[in-house]
2 protein chains.
Amino acid sequence: MGKKKSEKQESKDVSTEERIKEAARQVFTKKGYAATRTRDIAEAAGLNLALLNYYFRSKEKLFEIVMMEKVQALFGVIAPVLNDEESSLEEKIERLVHNYLDMLMKNPDLPLFVLSEIRYQPEDLARRLQVGKLLRESVLVKQLRERKKNIHPLHFIMNLLGMTLFPFVGRPMFQHGAGLGQKEFEALMEERKKLIPKWIDAMLGVR
Amino acid sequence: MGKKKSEKQESKDVSTEERIKEAARQVFTKKGYAATRTRDIAEAAGLNLALLNYYFRSKEKLFEIVMMEKVQALFGVIAPVLNDEESSLEEKIERLVHNYLDMLMKNPDLPLFVLSEIRYQPEDLARRLQVGKLLRESVLVKQLRERKKNIHPLHFIMNLLGMTLFPFVGRPMFQHGAGLGQKEFEALMEERKKLIPKWIDAMLGVR
DNA sequence: AAGTATTTTAATCAAATGATTAAAAATTAA
DNA sequence: TTAATTTTTAATCATTTGATTAAAATACTT
């Protein structure tokens, strides 16, 4: 399936397969799996509907590919930071917040899409990405345990992820509820890059 | 449409209309609008499929009713607390966190459902519930402005809502990623009732 | 250039879906 | 008790959807 295509072809044009995937990324992210029709994707790609089955066999299989990418995008940023043996807790938090917010500003719809779709097949995705290792056994978690022996480290993980991700998850509400424009939202997120590590620090100081 | 039903009938049995609504609340919450078939709701209600159109005219109209309830449930708890002229900022935060977590423990799927579905018609819902007033003009917001003149009050709103709501939004991930059981999750939420106000206090103390 | 393989196309299919229909059943009103 | 109204039922409908099909077009190999 496209395996025998010449190298020249690939470097010159975007392949049909990639065009479908790109369209799928956009449409699935916008509408979710159930509300997305294969026709929507074909239209967005400017291609014939039958090509979706030819290249990916089913809507479901196409979605799995996109979903894996998206989950990887959401968690991939944090894994190396959480598992760095060389940096301090404070350094990890600063780097994580900074990198995460940078990524999220480029993909503001990602968290809500992933969290929303993950409801329907949570075990598989979480296991394959070893999210459990990050949330239970990472270096950051060990550092949190040492720092605050009486409080479950998951609390701080929830706070850290909540403060970083929630503005994006709640963005439709903030936009249409509070009249928060794009520029204003971005400015707030830039401020949060600096504020969140300070807040986490203050929380770690609470007795 | 059920308007002329005797009072006796209503007090004795659950009405057909209410049975459909209750089934719809459950199925829509679990599957979302797009993936829910009218047949699913009819089966969950143990009723004939045609009754859905007889009583509610369309799947969409039934969903609107359920969605309004759910949005009201999500925001209704916080409005009186945010607008109480008599209580201090700290009191409001304590009461809000407490009431909110109580409500969320009984309806753990609510936030993700609302936030997920609100993407598809955000303006209407947010406007009708005057979410803007809560996020921009409530007494709590005024109190935050007085307390921290250099920081946009929305930051604290995001943190407060994020720390309260996010564990539920991310629950599938925490359950299947971190192996967090129901009991453990509830214990963490009970702890957070006390910890969140402390954390917010610490954050308000940051210079 | 002919033969082979792959990709693309447009039509079609089989099943599913929200909705409608007409009649039966139940309830209410006179 | 009959007539009128409302509710319920099961079948059916019209449309949509993911998927399949067969042929044409394109690309690759000899």
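So that the names make sense, note that chain A is the first sequence line, chain B the second, and so on, each numbered from 1.
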Visitor: Report yes if the side chains of A:Arg147 and A:Phe156 come closer than 4.5 Å at any heavy-atom pair, otherwise no.
Guide: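 Of all side-chain heavy-atom pairs linking A:Phe156 with A:Arg147, none is under 4.5 Å.
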Visitor: Could you tell me the separation between the OH atom of A:Tyr54 and the P atom of C:dA5, rounded to a whole number of Å?
Guide: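 Whole-Å distance recorded here is 13 Å.
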Visitor: Sugar-phosphate atoms are those with a prime plus P, OP1 and OP2; base atoms are the rest. Using that split, label each nucleotide of nucleotides 10-15 of chain C B, S or - for protein heavy atoms under 4.0 Å, 5' to 3'.
Guide: B-----
Visitor: Taking atom C1' of D:dA19 as reference, at what distance in whole Å does atom CZ of A:Arg57 sit?
Guide: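 About 12 Å, once rounded to whole Å.
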Visitor: Taking OP1 and OP2 of C:dG18, is either one under 4.0 Å from a side-chain nitrogen or oxygen of B:Thr38?
Guide: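 Yes.
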Visitor: Within this structure, what is the CG-to-P distance between A:Leu52 and D:dG18, rounded to whole angstrom?
Guide: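 That distance rounds to 10 Å.
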Visitor: Given atom CG of B:Leu51 and atom P of D:dT6, what is their separation to the nearest angstrom?
Guide: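 To the nearest whole Å, that distance equals 16 Å.
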Visitor: Is it possible for you to check whether A:Lys59 lies under 6.0 Å from the centre of the six-membered ring of A:Tyr33, through NZ or CZ, and within 45° of that ring's axis?
Guide: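 Positive - A:Lys59 is close enough to the ring of A:Tyr33 and near enough to its axis.
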Visitor: Measure from CD1 on A:Ile20 to C1' on C:dT9 and round the result to the nearest Å.
Guide: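 Atom-to-atom, A:Ile20 to C:dT9, this comes out as 13 Å.
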Visitor: Do A:Leu140 and A:Ile157 have side-chain heavy atoms sitting under 4.5 Å apart?
Guide: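 Side-chain contact under 4.5 Å: yes.
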Visitor: Within the 3.5 Å criterion, strictly below it, is a donor on A:His155 or B:Glu191 matched to an acceptor on the partner's side chain?
Guide: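 There is such a pair (donor and acceptor under 3.5 Å, judged by atom type) between the side chains of A:His155 and B:Glu191.
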Visitor: Centres of the A:Phe168 and A:Phe174 rings: under 6.0 Å?
Guide: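 Aromatic pair excluded; centres sit 6.0 Å or further apart.
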Visitor: Rounded to whole angstroms, how far apart are CZ on B:Phe56 and C1' on D:dT8?
Guide: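 Value for this atom pair: 15 Å.
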Visitor: If I take atom NZ in residue A:Lys31 and atom C1' in nucleotide D:dT16, what distance separates them, rounded to the nearest angstrom?
Guide: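 My rounded result for the distance is 13 Å.
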Visitor: Counting side-chain heavy atoms from C-beta on, which of D:dT8, C:dG18, D:dG18 comes nearest to B:Tyr55?
Guide: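 Side chain of B:Tyr55 sits closest to D:dT8.
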Visitor: Salt bridge check, A:Glu186 against A:Lys183: does any charged N sit closer than 4.0 Å to a carboxylate O?
Guide: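 No salt bridge links A:Lys183 with A:Glu186.
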Visitor: Rounded to the nearest angstrom, tell me the gap between atom CG in B:Leu47 and atom P in D:dT8.
Guide: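 It is 7 Å, rounded to the nearest whole Å.
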